[in-house]
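Worth saying up front: this structure is predicted, and the values here are computed from it rather than measured.
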Amino acid sequence: MGERTVSDLVVERLREWGVDRVFGYSGDGIDGVIGALRRAGEPAFVQARHEETAAFMAVGHAKYTGGVGVCLSTQGPGAVHLLNGLYDAKLDSKPVVAIVGQQMQSVLGSAYQQEIDLVRLFGDVCAQFVQAAHDPAQVPMLLDRAFRAALATRSPTCVILPHDVQTAPAPDPGAHEHGVVATAPGLRAAVVVPHTDDVRSAAELLSSGERVAVLVGQGGYGAADEIVELAERLGAGVAASLLGKPVLDERLPFHCGVMGHLGTTASAELMRACDTLLIVGSNDPWTEFYPAPGQARAVQIDIDGRRLGIRYPVEVPLLGDAATTLRALLAAVKPRENAQWREKVTGWVRRWHEIAAARATAPAEPLNPQGVIRALNDRLPADAQVSVDVGSVTYWYARHLRLPPGVPAHLSSTLASMGSAVPYGLAAKLARPDRPVVALAGDGAMQMNGLAELITVAARWRDWADPRFVLCVLNNRDLAEVSWEQRETEGEPRFAASQDLPDVRYAEWAALLGLRGARVSTVDELEWAWDEAFAADRPMVIDAWVDPAIPLLPPLQPDEKIAPMLDALRSEPGPLAERALAHLRRERADEGF
């Protein structure tokens, strides 16, 4: 073996931080680290088809495992491609470390090939920590700071390694002199508990509420039992943010489902009528779906003090871990009888389930996309992992999929970037190859990057203990969410040149890769395909031929909010608009309009 280099040190440090895989794409700017990964044999290197999806995989790894995701790229275009995935980590508060190559220091500033000011490039997305190494002795300290900052701030960070630094001899680990900073890896999170007086004030506020609502976000993970116990004690109704959907069992009779534009009628009723609001670990941006300012007194629990009170006027902010803080509240909250309120809540929930079932079974041409997702409910394995893309499929996931307790489901929520489902699903599968994965995507996302990353699935599935990786594509030949947004927010008719998508034979592409595939256009074919996919000996793509005319209707909106959508549809020619108008009127009637 040759002389130990800085790159060898980098790989050793990754192992010391517990990193078991690195997602990326190689290039000359990062060749030193790639060579060290080859020599060491671990962490495993996962080659994506594109640096953007490598970054998505790193975010997915952080979401499904709770650890730090690591992505790697070369300089120039490779570095630029990482940005979208890193912004996904930033906006959804997940720890990711990006290791990025750079040209040799001697050419920087000369407008050299692929030369980009990478510190400036990553300065916003990795605002908590981004630094280029200029000396081999810096590198251990920079990596330690990057990991600590990522964990402490739940955000992406970046270390930039010029090529000449990567290939330089490793520094003396025992150096003790001026200008050398010695550090060690490792960080254990602390338990954060609010002040006792604040807990007492929050308990008094919640105990005095007559119509209590609880909004649960991703910060509620690990606190499901405490949330349910507190809701029972207060007779409260519960709603979830999109990221908080997997936290609680949605079969609870007082669980109103997801809140917001893509949420349920029950959650809208809950927020409109409550007089007290407890927000647990949520930063949901749909502020118009919160109670009106002044309507409800509010308590908020969050581990990040920067997020307290930024979505709703909060009377008692509690800085702390959700489970620990909720246990403190349970010790102080006085039970109260709120049977009348709880009866209203459960009535709204029952009514929503009736509405959802009717919408999912409504006739469509050919398949109703709501029914496609709803058909998964009785088939989803109890040990599954779910990934969801951005688009109309997000609405149907939010409203119709019932996740068994303990089944994780993740998506690009706050950034809302298309193209996350397949790389997220891959990250979930690589972390737990013994568990089946279900990825839900639209045809727009599939054409954006899903077709390419399906190659990665095909290259890796034989190594998985459980080979099931089920990818369901809602194929409506339309950028449906944007089409409906144009109608709703702009009053504009659908613009075919912008919205039409080519018809791609996703199932045949899967077969070409050695996977299974089925294109379905009837309910019988759909049910067969779901059953077949979960019995298959390899990954399977379900190409569901669905109707783009199904509305993406926000819940319980007044007539004036829907009027632009109606006007836009009336001005669109053809049978698609006629079907969409009929569906919209039927769904509005379901809601009592």
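Within the structure, the ring pair (Phe, Tyr, Trp, His ring centres under 6.0 Å) test picks out the following pairs touching residues 264-313 (sequence neighbours left out): H261-W286.
Contact detail for F129 and A149: the closest heavy-atom pair is CB-CB, 3.9 Å. Contact detail for P381 and P404: the closest heavy-atom pair is O-CG, 4.3 Å. When all heavy atoms of D383 and R435 are compared, the closest pair comes out as O-NE, 2.7 Å. Between C274 and Q295, the shortest heavy-atom contact is O-NE2, 2.9 Å. Here the shortest heavy-atom pairing between F469 and V422 reads CZ-O, 4.2 Å. Between V100 and A79 the shortest heavy-atom distance is CG1-CB, 3.7 Å.
For E288, the CD atom counts as densely surrounded, since its 6.0 Å shell holds more than 12 non-hydrogen atoms of other residues, nucleotides or ligands. When the shell of 6.0 Å around NE2 of H353 is examined, it contains more than 12 heavy atoms from other residues, nucleotides or ligands.
Take D92 and apply the salt bridge (Lys or Arg N to Asp or Glu O under 4.0 Å) test, not counting sequence neighbours, and it matches K63.
A donor atom on one side chain and an acceptor atom on the other are found under 3.5 Å apart for S417 and N84. W464 and D434 share no donor-acceptor pair across their side chains, judged by distance under 3.5 Å alone.
With a 4.5 Å cut-off on side-chain heavy atoms, L440 and D389 do not count as touching. In this structure, V96 and V70 have side chains that are not in contact, with every pair of non-hydrogen atoms separated by 4.5 Å or more. Annotation: side chain of E481 is in contact with side chain of V390 (closest heavy-atom distance under 4.5 Å). W348 places none of its side-chain heavy atoms less than 4.5 Å from the side chain of E343. E269 places a side-chain heavy atom less than 4.5 Å from the side chain of L556. The side-chain heavy atoms of I227 and V216, taken from C-beta on, include a pair separated by under 4.5 Å. In this structure the side chain of K94 never reaches within 4.5 angstrom of the side chain of D88, judged on heavy atoms.
The pair R13-E16 meets the salt-bridge criterion, with a side-chain N (NZ, NE, NH1 or NH2) lying under 4.0 Å from an Asp/Glu carboxylate O. Between E337 and R342, no side-chain nitrogen of the basic residue sits less than 4.0 Å from a carboxylate oxygen of the acidic one, so the salt-bridge criterion is not met. Between E229 and R233, at least one side-chain N (NZ, or NE/NH1/NH2) sits under 4.0 Å from a carboxylate O, which counts as a salt bridge.
Here the CG atom belonging to L230 is positioned 12.5 Å from the CG atom belonging to D225, to the nearest 0.5 angstrom. For the atom pair CG (D302) and CG (N283), the distance works out to 7.0 Å, reported to the nearest 0.5 Å. For the atom pair CE of M259 and CG of L215, the computed distance is 5.0 Å after rounding to the nearest 0.5 Å. With rounding to the nearest 0.5 angstrom, the CG atom of L329 is 11.5 Å from the OG1 atom of T324. Put simply, OG1 on T183 and CE on M141 are 7.5 Å apart, with the number rounded to the nearest 0.5 Å. Taking CD of Q131 as the start and CG of L118 as the end, the distance is 12.0 Å to the nearest 0.5 Å.
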Criterion side chain to side chain donor-acceptor pair (under 3.5 Å) on T456 and E453, from CA distance to verdict: CA-CA 5 Å; T456 311; E453 285 307 332; 2.6 Å; yes
Could you give me the CA-CA distance, side-chain angles and deciding distance for R211 and N338, then say whether side chain to side chain donor-acceptor pair (under 3.5 Å) is met? CA-CA 7 Å; R211 302 184 304 278; N338 276 335; over 6 Å; no
D304 vs R154, side chain to side chain contact (heavy atoms under 4.5 Å, CB included): CA-CA, chis, key distance, verdict: CA-CA 9 Å; D304 189 339; R154 295 166 297 282; 3.6 Å; yes
Evaluate the criterion side chain to side chain contact (heavy atoms under 4.5 Å, CB included) for residue pair V68 and F147; output intermediate values, then yes/no. CA-CA 8 Å; V68 180; F147 274 89; 3.8 Å; yes
Using the rule given for side chain to side chain contact (heavy atoms under 4.5 Å, CB included), can you reason through V139 versus L161, listing the C-alpha separation, both sets of side-chain angles and the distance that settles it, and then say yes or no? CA-CA 8 Å; V139 174; L161 298 174; 4.2 Å; yes
How far apart are the C-alpha atoms of R307 and S93, what are their side-chain angles, what is the distance that settles it, and do they pass the side chain to side chain donor-acceptor pair (under 3.5 Å) test? CA-CA 11 Å; R307 294 186 171 174; S93 300; 2.4 Å; yes
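The backbone N or O of E226 lies less than 3.5 Å from no partner atom in the side chain of R327, so there is not a single donor-acceptor pair. At distances below 3.5 Å, at least one donor-acceptor pair connects side-chain atoms of N377 with backbone N or O atoms of H400.
With Y64 as the aromatic partner, R432 does not meet the cation-pi criteria of under 6.0 angstrom to the ring centre and within 45 degrees of the ring axis.
Between Y424 and F56, the two ring planes are perpendicular [angle over 60°; tilted spans 30° to 60°].
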Residues 237-247 side chain polar contacts: donor-acceptor under 3.5 Å, at least two apart:
{"unit_1": "S241", "atom_1": "OG", "unit_2": "G244", "atom_2": "N", "d": "3.0"}
{"unit_1": "K245", "atom_1": "NZ", "unit_2": "E250", "atom_2": "OE1", "d": "2.6"}
{"unit_1": "K245", "atom_1": "NZ", "unit_2": "E250", "atom_2": "OE2", "d": "3.4"}
{"unit_1": "K245", "atom_1": "NZ", "unit_2": "Y397", "atom_2": "O", "d": "3.3"}
{"unit_1": "K245", "atom_1": "NZ", "unit_2": "A398", "atom_2": "O", "d": "3.2"}
{"unit_1": "K245", "atom_1": "NZ", "unit_2": "L401", "atom_2": "O", "d": "2.8"}

